[in-house]
Amino acid sequence: MSLEEVRARLEAAGQTHLLRFWPELPEDEGRAFLAELSALDPDELREHCRRAVEAANGRSGSGDRPDLRMEPVPPEFIGSVRKSDQSTLNAWEDEGFLQISENKVAVLLLAGGQGTRLGVSYPKGMYKVGLPSGKTLYQIQAERIHKVQALAERRHGSKCTVPWYIMTSEFTLAPTERFFKEHKFFGLDPSNVVMFEQRMIPAVTFDGKVILEKKGKIAMAPDGNGGLYQALTDNKVLEDMEKRGVEYLHVYCVDNILVKMADPVFIGFCVKKGADCGAKVVEKAYPAEPVGVVCRVDGVYQVVEYSDIQPETTELRGPEGDLLYSAGNICNHFFTLDFLKDVAQNFKTQLKQHVALKKVPFVDQEGNQVKPTKPNGIKMEKFVFDVFQFSRKFVAFEVLREAEFSPLKNADGAPLDTPTSARRSLLALHYRWALAAGAVFLNEQGDAVAPELSVVKDVEPPHVCEISPLVSYFGEGLEPSLKDKAFKSPLILE
Ligand SMILES: CC(=O)N[C@H]1[C@@H](OP(=O)(O)OP(=O)(O)OC[C@H]2O[C@@H](n3ccc(=O)[nH]c3=O)[C@H](O)[C@@H]2O)O[C@H](CO)[C@@H](O)[C@@H]1O
């Protein structure tokens with residue numbers, strides 16, 4: 001597209017300021033910038049800027065109190081690992097393994113985020129939390145896929161595949177691809193690892209102008225993890241799933257070191273309930289814990305972010321004394337392919353736009369680079385769980401936090417959700433598995449040490465024990481190598 005054409009389109013969108021520094025740009029930067037601008041549809045851009053300002057204005061003082069209209073998920077739509085007997089759990093697991101063995105289950109990783117809070121410049125999945133094995137989050141996830149396939153194969157006697165779909169963004173696609181190639185896809189068949197990219201959208205000032213990050217670059221950000229539904233359409237991912245015969249999808253976020261890939265128990269529960277959409281939850285640790293709550297508002301399912309709930313609502317308790325709103329969202333979702341098709345065709349444009357006011361670096365009128373000290377820009381994001389409202393049969397599944405949820409959000413030094421807490425949670429889980437399998441731990445002097453059964457994630461476990469996912473997926477199959485055997489720290493099972 002020529003400069004004149006681009007200028008005319010920007011004029012139609014009220015954004016000609018973007019070309020202010022055009023004459024100063026070196027030729028190659030100018031060409032790249034023109035390509036970036038040509039990709040913006042003028043009508044969509046105008047509408048995006050208008051909506052951003054409207055949303056930012058509506059944000060302050062709208063007085064909306066979703067917490068006054070909330071109700072908990074009815075008990076008949078919740079499954080619980082904690083409250084179910086072993087035979088029920090086994091029946092769900094059997095169902096899940098059956099579906100996996102028939103190649104009907106895929107996993108989908110949301111990995112387009114920038115990991116700003118963790119403060120690394122590369123994708124979070126490449127992060128090492130300091131395990132003895134030095135494994136990254138991506139490697140742990142890949143090995144769990146290997147193992148869940150192997151377990152399904154062993155039960156049903158036929159080879160099967162759990163395809164791995166990975167949603168990336170402009171920030172994460174190239175480094176993620178490179179990383180997977182360097183590591184030979186961790187032994188997975190590359191044709192079963194499908195990476196695709198979500199859209200980016202411009203950040204906008206409070207008066208509706210797209211922000212110039214550099215003289216020849218717009219400030220762009222991924223459109224939120226709810227950009228998934230647009231990205232599935234843009235990249236024909238649903239067609240790929242259909243071709244492979246996938247019917248059920250486990251969607252999860254990159255930073256939970258304990259994530260159970262294609263969890264057979266969760267899949268089996270959702271399938272047996274006939275659900276089209278489901279969410280794993282953990283019981284909130286305390287009323288004010290900053291996690292979204294899965295509930296109903298005005299009769300439809302949704303996640304209400306903690307910032308939208310007043311303290312008195314978070315404190316409410318049910319007849320048994322449990323917190324009324326205790327279903328903490330852990331960004332682990334179940335969808336049927338049919339539901340995703342329905343969303344892609346009929347609902348994806350209706351997803352709520354969430355607005356965040358952020359400090360966005362920019363160039364000022366004189367061309368100086370500025371790092372603002374207070375928010376100057378509006379970023380719009382869609383959230384993956386905002387499709388719950390379109391579900392015909394929604395279920396929630398409560399799992400044990402210590403076995404399934406320990407997210408990596410912040411750098412060490414923060415009180416919560418750090419590399420240290422993630423590493424400790426995984427090692428503590430593996431220590432408990434080893435004890436359950438009959439392992440005996442010895443101290444430095446070689447004396448047996450009494451087991452500590454109540455290891456929690458906030459302290460270093462008493463013995464270092466790391467078990468490769470290739471050896472065990474959820475603690476199964478460890479007796480032959482551990483029962484009645486004595487070990488000094490560290491115990492590494494590869
Ligand atoms: C919107 C959402 O799901 N919120 C959940 C998310 O919060 P939280 O605020 O932690 O969400 P993040 O921003 O970390 O994003 C979650 C996941 O989405 C991915 N991502 C994010 C933005 C984007 O444009 N593209 C993209 O793929 C990230 O890479 C990550 O894997 O996890 C918490 C548990 O850990 C839950 O309690 C929150 O309810």
Side-chain angles (χ1 to χ4, degrees), residues 107-120 122-127 137-138 141 165-173 175-176 195-203 220-232 234-235 237 250-259 261 279-285 288-295 301-309 314 325-333 335 351-356 358 379-388 396 399 401 404-411 414 416-418 421-422 425:
V107 288
L108 190 150
L109 164 61
L110 302 167
Q114 286 173 274
T116 358
R117 278 174 288 171
L118 184 60
V120 292
Y122 53 84
K124 249 194 206 181
M126 290 162 53
Y127 197 86
L137 295 176
Y138 281 150
Q141 292 170 19
Y165 294 92
I166 304 182
M167 183 173 82
T168 60
S169 66
E170 193 179 298
F171 296 118
T172 57
L173 178 61
T176 304
M195 294 186 198
F196 60 100
E197 208 176 328
Q198 70 179 109
R199 289 190 183 182
M200 305 279 283
I201 47 170
M220 296 282 260
D223 58 352
N225 61 15
L228 170 67
Y229 309 102
Q230 184 63 52
L232 290 175
D234 290 347
N235 300 286
V237 179
H250 174 208
V251 175
Y252 69 101
C253 85
V254 69
D255 57 23
N256 177 13
I257 196 167
L258 302 182
V259 63
M261 312 284 295
K280 260 193 193 182
V281 298
V282 293
E283 195 184 7
K284 269 173 77 169
E289 189 187 8
V291 289
V293 169
V294 179
C295 60
Y301 288 99
Q302 68 177 68
V303 175
V304 178
E305 285 297 355
Y306 58 92
S307 47
D308 289 333
I309 309 177
T314 63
Y325 299 109
S326 66
N329 179 40
I330 62 168
C331 201
N332 259 256
H333 307 307
F335 300 118
L351 286 189
K352 185 175 166 188
Q353 296 273 354
H354 298 260
V355 57
K358 301 265 176 156
K379 283 190 179 173
M380 305 281 276
E381 281 194 328
K382 293 181 196 127
F383 290 169
V384 64
F385 51 65
D386 278 336
V387 297
F388 293 176
V399 298
R401 178 187 293 256
E404 299 209 26
F405 183 54
S406 179
L408 172 62
K409 305 281 182 198
N410 306 305
L416 277 180
D417 302 339
T418 60
S421 66
S425 318

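Order of appearance sets the numbers: ligands from 1, and atoms from 1 within every ligand.
In this structure, Val387 and Tyr229 have side chains that are in contact, with non-hydrogen atoms separated by less than 4.5 Å. Side-chain contact between Met167 and Val237 is absent, with no heavy-atom pair separated by less than 4.5 Å. Using a 4.5 Å heavy-atom cutoff, the side chains of Glu305 and Phe383 are in contact. Residues Leu228 and Phe196 have side chains in contact (heavy-atom distance under 4.5 Å, counting atoms from C-beta outward). When side chains are defined from C-beta on, His250 counts as touching Asn332, because their heavy atoms get closer than 4.5 Å. A 4.5 Å side-chain heavy-atom check between Lys382 and Gln353 finds at least one atom pair inside the cut-off.
Among Gly115, Gly224, Pro123, Gly328, the residue whose heavy atom lies closest to atom 24 (O) of ligand 1 is Gly224. For atom 4 (N) of ligand 1, the choice among Phe171, Phe385, Phe383 with the nearest heavy atom turns out to be Phe385.
Those atoms of ligand 1 with a heavy atom of Ala111 less than 4.0 angstrom away are 27 (O), 29 (O). Proximity to Val291 (heavy-atom distance under 4.0 Å) selects the following atoms of ligand 1: 37 (O). Using a 4.0 Å cut-off to heavy atoms of Cys331, the atoms of ligand 1 that qualify are 3 (O), 32 (O). Each of the following atoms of ligand 1 lies closer than 4.0 Å to a heavy atom of Glu305: 4 (N), 39 (O).
Between the side chains of Glu197 and Asn235, no donor-acceptor pair of N or O atoms lies under 3.5 Å.
Nearest protein neighbour of atom 25 (N) of ligand 1, counting heavy atoms only, is Gln198 OE1, 2.7 Å. Here the heavy atom of the protein found nearest to atom 36 (C) of ligand 1 is Asn329 O, 3.3 Å. Closest to atom 35 (O) of ligand 1, if we only count protein heavy atoms, is Lys409 NZ, 2.9 Å. Considering only non-hydrogen protein atoms, atom 31 (O) of ligand 1 sits nearest to Leu110 O, 2.6 Å. Of the protein's non-hydrogen atoms, Cys253 CB, 3.3 Å is the one closest to atom 17 (C) of ligand 1.
Heavy atoms of Arg117 approach ligand 1 to within less than 4.0 angstrom. For Tyr252, the heavy-atom gap to ligand 1 stays at 4.0 angstrom or more. Contact analysis leaves Gly227 out of contact with ligand 1, as no non-hydrogen atom separation drops below 4.0 angstrom. Between His354 and ligand 1 there is no heavy-atom distance shorter than 4.0 Å.
Below 30°, between 30° and 60°, or above 60°: for Phe388 and Phe335 the angle between ring planes is between 30° and 60°, a tilted geometry.
Remark: ligand 1 and Gly113 share an N or O pair separated by less than 3.5 Å (distance only, no angle test). Below 3.5 Å of separation, one finds no N or O of Pro407 facing any N or O of ligand 1. Considering backbone and side-chain N/O atoms, Val254 comes within less than 3.5 Å of an N/O atom of ligand 1. The N/O atoms of Lys124, backbone and side chain alike, include none that comes under 3.5 Å of an N/O atom in ligand 1. In terms of polar-atom proximity, defined here as any N/O pair under 3.5 Å, Asn225 does make such a contact with ligand 1. Checking only distances, Met167 never comes within under 3.5 Å of ligand 1, N or O to N or O. Note: an N/O pair closer than 3.5 Å links Gly112 and ligand 1 by distance alone.
With Tyr127 as the fixed residue, the side chain to side chain contact (heavy atoms under 4.5 Å, CB included) test singles out one of Val254, Asp255, Leu118: Leu118.
Counting heavy atoms under 4.0 Å from ligand 1, residue Gln114 does not touch it at all.
Note that the CG atom of Asn225 and the CG atom of Asp386 stand 9.0 Å from one another [nearest 0.5 Å]. Within the model, atoms CG of Leu408 and NZ of Lys124 stand 5.5 Å from one another, a figure rounded to the nearest 0.5 Å.
Taking each heavy atom of Ser406 and Ser421 in turn, the nearest pair found is OG-O, 3.7 Å.
Salt-bridge annotation for Glu381 and Lys358: absent, with no side-chain N of the basic residue lying under 4.0 Å from a carboxylate O of the acidic one.
A donor-acceptor pair is defined here as one N or O able to donate and one able to accept, closer than 3.5 Å; such a pair exists between the side chain of Thr176 and the backbone of Thr172.
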